[in-house]
Amino acid sequence: MSMGVHEIEDAALLFVFGYNGADSHPIVARRIVRAKQKGAKIICCDPRRIETARIADMHLQLKGGTNLLLVNALANVIIEEGLCDDDFIEKHSTGFEEFKEVIKKYTPEGVAERTEISAGEIRKAARMYAQSGRSMILYGMGVCQFGQAVDVVKGLANLAIMTGNFGRPAVGIGPVRGQNNVQGACDMGALPNVYPGYQSVTVPAIREKFEKAWGVKLSDQPGITLTNVPHHVLHEPDPKKRIHAYYIMGEDPAQSDPDLAEVRESLEKCDFVILQDIYMNKTGQYADVILPATGWCEHDAVYSCCDRGFQKARKLIEPTGDVKRDWEIIGLISKAMGRPMEYTNTVQIWNEVIDLCPGFMGATDEKLEKNACIQWPCRSKEEHDMGTVFLHKDGKFAHPDGKAKFAPSEWRPPQELENEEYPLSFSTVREVGHYSVRTMSGNCRTLRNLEDEPGWIQMNPEDCGELGLRHGELVKVRSKRGYCITRCLPTERVKKGATYMTYQWWIGACNELTIGNLDPISKTPEYKYCACRVEKIEDQAWAEKHVREEYEEIRANMGIQTKGGRAA
Amino acid sequence: MLCIGCRTCMIGCVVAHEGKHIFEVDPDGYDFHPKLKVIKTFNVSVPVQCKHCEAPACMAACKSDAIHIVNGTVIIRTEKCIGCKSCAEACPFGAIQMVTLGSARNADGAPRSVANKCDLCQDQPKGPACLRVCPTAALRLVKEEDLGQTLKNKRLATLGLALGAEAQKQAAIGA
Amino acid sequence: MPSEFGLFVSTDIAKCSGCKACEMACFQSHNIKRNNVGKTVGTISVPVTPKLYVTVIETASMPVQCKHCENSPCKAVCQQKAISRVGSQIIVDEAKCIGCKDCLMACPFGAIALLPFYVGGRQAPQADSSGGKVAASKCDLCYEDPEGPACVRVCPNEALRLTDVNEERKKKNIAAAEALAVINAGDPGRRALS
Amino acid sequence: MTIKRIQSTCAYCGAGCQIMFTVDTEKNKILEAEPAPGRTNDGTLCLKGHYGWDYLNDPQILSKRLTKPMIRKGGKGSPLEEVEWDEAVRYTAGRLAEIKAKHGPNSIMCTGSARGSGNEANYVMQKFARVTIGTNNVDHCARI
């Protein structure tokens with residue numbers, strides 16, 4: 001995020017695009033509510049009537065899969081009606097002319113029919129965004145989990161640049177990162193194309209710096225992404241590019257990747273799979289080696305939160321069982337492979353990290369120990385430098401010329417549209433009471449009792465009527481790739497023809513349905529759009545029994561002997 | 001408008017009434033029966049709970065003398081409840097839910113199902129747990145004096161409006 | 001999905017005129033097979049034994065009938081195990097009833113009466129008592145009749161309705177939530193920074 | 001019963017809320033979680049912050065806490081058998097070295113973790129992939 005979470009409530013206008021704060025980050029949703037209380041305007045673009053839409057001044061309930069049409073149309077209006085911040089564009093950006101060329105085609109009237117939003121509404125929203133004085137964009141998986149994710153992110157950034165909403169308090173653009181340390185994993189270089197601190201592996205000077213620091217020759221070839229692993233195990237023609245070993249730490253691809261059937265097959269066919277985790281999970285069923293690690297609260301660590309804030313997570317209790325800390329395990333394996341990599345504690349590792357990354361240099365352990373939350377970049381180790389709240393101050397950008405680059409792109413429809421065999425659109429969404437693959441929240445008593453297997457499929461009441469479905473009835477949801485069983489939840493908050501399922505259930509496993517279509521650049525799968533069919537189950541008694549039995553079977557596979565854990 | 005439908009209040013309610021030991025016992029060894037329920041409609045997300053009416057329909061309907069007003073709070077003593085459901089039927093808000101208790105048993109060994117509703121955390125020193133844990137402070141305990149204050153504010157505001165309108169009229173006449 | 005808690009018939013007291021059609025329908029529907037009672041008065045050869053009891057005062061009237069309590073006192077006290085839970089309903093097996101009257105005393109609503117028990121037009125024997133068998137008689141919600149409670153069907157004023165407290169609660173909750181939306185919208189103070 | 005109050009960061013969503021934990025160090029148990037005045041959460045918590053920590057005492061609701069290294073000795077599909085750490089490390093290192101020798105460093109894929117492991121573990125994992133294995137095949141579930 002280019003700004004801080006605490007700044008959200010000071011924005012004059014919040015442009016919330018494909019982001020459901022109430023379910024993903026209740027604490028960020030709190031800031032959105034406070035912004036509203038302090039008089040901010042809210043424009044919410046989401047195909048569902050989410051909580052933010054309910055309190056929004058404008059809810060653009062666009063048809064799923066038409067993000068870029070709407071974004072480009074908004075830009076079109078801002079240009080046509082001369083609402084640009086010409087001074088900011090002139091001083092701090094490049095490529096505006098080519099951008100205008102592409103955007104000309106996306107008139108509000110032209111996109112109205114496909115986005116199901118009237119031209120008038122598009123014009124009004126564009127004016128509100130451009131003229132508020134302090135507009136802030138928040139976006140989430142509704143943007144990123146599409147085949148055209150990166151283009152839409154650039155499209156939103158274009159809006160911020162052309163209206164000068166950058167480099168000042170309470171403006172900017174923010175992907176609200178989902179997981180507690182996804183920002184941190186990126187910061188630390190757990191990415192195929194960058195070292196820690198986003199330093200590229202293909203830049204010789206940087207590579208030499210790390211080669212000197214680590215004392216070894218480094219490969220100059222970017223690696224592959226997590227979502228490409230199934231391809232590289234099963235379908236990769238070139239033997240040199242095939243994957244034979246998969247060292248998985250704190251992940252559960254067999255539950256959270258799309259098209260689970262393919263993932264399972266790839267895990268089976270991969271010669272050697274290592275799972276290093278705290279709980280048995282679906283991936284563990286295919287792992288050749290299980291290495292038990294310490295969990296959150298059982299070790300010290302530094303996390304990066306969604307607005308680039310480094311914070312300490314402290315050890316509260318001694319770990320149970322014969323477990324070791326993640327970095328300890330990796331160190332042992334590395335030593336056994338002839339390359340010792342031993343550390344005594346996290347502070348020692350952290351010091352090594354910040355000395356290699358200019359942007360993190362000042363986030364010293366002393367500052368973090370005093371419960372500071374230091375948003376990088378924080379370049380000097382002195383006490384006074386407590387980090388940077390918002391980026392691009394005075395319009396300075398990371399490109400070599402210090403200017404922002406306009407990046408126009410053409411709209412592409414999602415890969416799999418509804419058809420008569422699968423007449424409904426399907427998207428994954430988040431359940432507020434649970435988290436990701438649910439090996440943590442699913443094992444918490446009160447969270448489990450509040451919401452349990454097999455989850456729900458949110459559907460428009462009319463669609464439910466046509467299929468003769470009632471609230472709470474078990475249904476079968478099927479796509480070209482697979483099916484799962486879950487409960488029907490009729491709600492007017494969902495438009496006709498669309499369905500939504502929360503993705504952390506193991507019986508109601510909606511990733512059996514999702515499609516593996518990846519964004520060409522970010523390689524993020526198109527979770528938010530595929531086609532599905534919902535089938536009524538005549539024999540509800542059988543279905544209830546089946547769900548209970550499957551739940552017990554899963555628990556048994558996970559090594560649980562005791563009875564209990566009833567399905568809701 | 002402040003409620004974001006996250007249901008933290010519902011768990012807070014259970015923890016306040018069942019006690020903190022629930023985080024250590026067998027997952028099915030305690031009753032998870034929130035005394036308020038978050039309802040999501042097209043227009044609103046909000047928890048529905050007992051209003052502690054002054055003339056409670058539930059108390060009137062109860063034949064087992066289980067419902068009483070204790071210093072302003074309508075309390076159900078579930079040990080006296082025979083599960084006749086009259087109170088649940090009588091409550092116009094649907095704020096009373098019949099719930100089945102895990103361990104309690106009737107004289108004939110059958111499991112007990114009793115009426116369950118908000119008791120304003122009667123026995124909690126710090127008052128209602130739901131409003132303490134709500135991340136957006138959407139819940140507020142309205143006491144008698146608060147009602148009085150709200151009425152006073154509204155009436156003053158009404159007077160203000162009337163004065164404003166009057167001044168407007170005078171100005172129009174004068175101009 | 002079958003209801004988790006017992007259904008019961010409830011009365012809209014404003015509509016009940018005390019006409020007792022429900023009592024007749026109740027008696028008739030439970031004695032078609034047992035005492036071949038038809039639809040006309042001429043076919044009645046046994047005393048009328050309804051399972052709900054219309055109670056009248058000057059200003060009001062209503063049938064009093066079993067609520068199918070979840071922790072039913074009658075079931076709890078019946079030492080003959082004649083009262084049991086079938087699905088979600090509380091059912092008396094009149095054949096087992098020995099007329100001890102404990103259930104009648106336990107029921108706080110007065111929904112159980114001891115009435116003569118006739119089979120095939122004759123009063124069934126009750127051990128050696130001369131007067132013949134009497135048995136606890138209370139509403140069984142016409143649980144064997146696919147069309148549901150006879151009383152609800154025949155009431156001329158539609159004063160009776162079959163109540164599922166869970167289903168009704170959901171409807172009432174939605175109305176209560178919508179009411180709170182109106183309250184919130186109108187009250188700027190409620191939306192101000194707390 | 002020695003009670004300590006320790007502030008830590010929540011491990012669920014990205015908001016990075018600060019939580020004040022009450023811990024009984026003698027019984028090695030967490031007793032309660034209360035909001036702490038963090039920059040992002042400002043003294044509030046959601047349901048996962050308040051009540052999302054008791055999985056640590058392994059209630060075995062959904063799956064079992066991993067407490068011992070295990071190897072599928074009989075190969076794919078055979079049951080997992082508990083082993084000691086040094087055997088697990090030797091076996092893992094051996095298989096990785098063997099695959100690296102046979103198919104080259106780029107035939108091995110490592111993942112960091114966007115979850116509880118923390119920045120230090122991610123740093124060491126990417127260093128392991130790049131230094132010990134010699135490949136840039138390291139990624140994590142930012143993408144999914």
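All chains are named by letter (A, B, ...) in the order of the sequence lines, taking the proteins before the strands, and each is independently numbered beginning at 1. Keep in mind that what you see is a predicted model, and the values were worked out from it rather than measured.
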>> Tell me if a side-chain donor or acceptor on D119(B) pairs with a main-chain N or O of C121(B) at a distance below 3.5 Å.
In response: yes
> Taking N106(B) for the side chain and D108(B) for the main chain, is one N or O donor matched with an acceptor at less than 3.5 Å?
Replying inline: no
> Salt bridge check: are R5(D) and E34(D) linked by an N-O gap of less than 4.0 Å?
Replying inline: yes
> Closest approach of A137(B) and L2(B), non-hydrogen atoms and distance?
Replying inline: O-CD1, 3.7 Å
> Are the side chain of R132(B) and the backbone N or O of G127(B) linked by a donor-acceptor pair below 3.5 Å?
Replying inline: yes
>> Has T111(D) got a side-chain atom pairing as donor or acceptor with H140(D)'s backbone, closer than 3.5 angstrom?
In response: no
> Between K29(D) and chain B, which part of the residue has a heavy atom less than 4.5 Å away: side chain, backbone, both or neither?
Replying inline: side chain
> What do the steps show when you test K68(D) against E84(D) for salt bridge (charged side-chain N to carboxylate O under 4.0 Å, His left out), and what is the final call?
Replying inline: CA-CA 8 Å; K68(D) 199 89 177 103; E84(D) 289 313 314; 3.0 Å; yes
>> Quick check on the structure: residues of residues 46-57 of chain B within a heavy-atom distance below 4.5 Å of chain D, by number.
In response: none
> Does T8(B) reach the main-chain N or O of V133(B) with its side chain, forming a donor-acceptor pair under 3.5 Å?
Replying inline: no
> What pair of heavy atoms forms the shortest contact from C3(B) to G5(B), and how long is it?
Replying inline: SG-N, 3.3 Å
>> How close do P135(B) and T44(D) get, counting heavy atoms only, and between which atoms?
In response: O-CG2, 3.7 Å
> Can you pull out the residues in residues 62-69 of chain B with any heavy atom less than 4.5 Å from chain D?
Replying inline: none
>> With a strict 4.5 Å heavy-atom criterion, list every residue of residues 10-23 of chain B that contacts chain D, or say none.
In response: I11(B), G12(B), V15(B), K20(B), F23(B)
> Do E145(B) and Q149(B) meet the criterion of a side-chain donor-acceptor pair at a distance under 3.5 Å?
Replying inline: no
>> Sort by residue number and list every residue of residues 88-103 of chain B having at least one heavy atom under 4.5 Å from chain D.
In response: none
>> Whether the side chain of T135(D) engages the backbone of N106(D) through a donor-acceptor N/O pair (distance < 3.5 Å, no angle test) should be reported.
In response: no
>> Is it the case that the side chain of T73(B) and the backbone of I75(B) share a donor-acceptor pair, with hydrogens and angles ignored and the cut-off at 3.5 Å?
In response: no
>> Whether K73(D) and E87(D) form a salt bridge (side-chain N of Lys/Arg under 4.0 Å from carboxylate O of Asp/Glu) is what I want to check.
In response: yes
> Counting N and O atoms only, with roles assigned by atom type, does the side chain of N122(D) sit under 3.5 Å from a partner on the main chain of S113(D), one being a donor and the other an acceptor?
Replying inline: yes
>> Is it the case that atom CD in Q168(B) sees more than 12 heavy atoms from other parts of the structure closer than 6.0 Å?
In response: no
> So, N41(D) side chain and A36(D) main chain: donor-acceptor pair closer than 3.5 Å or not?
Replying inline: yes
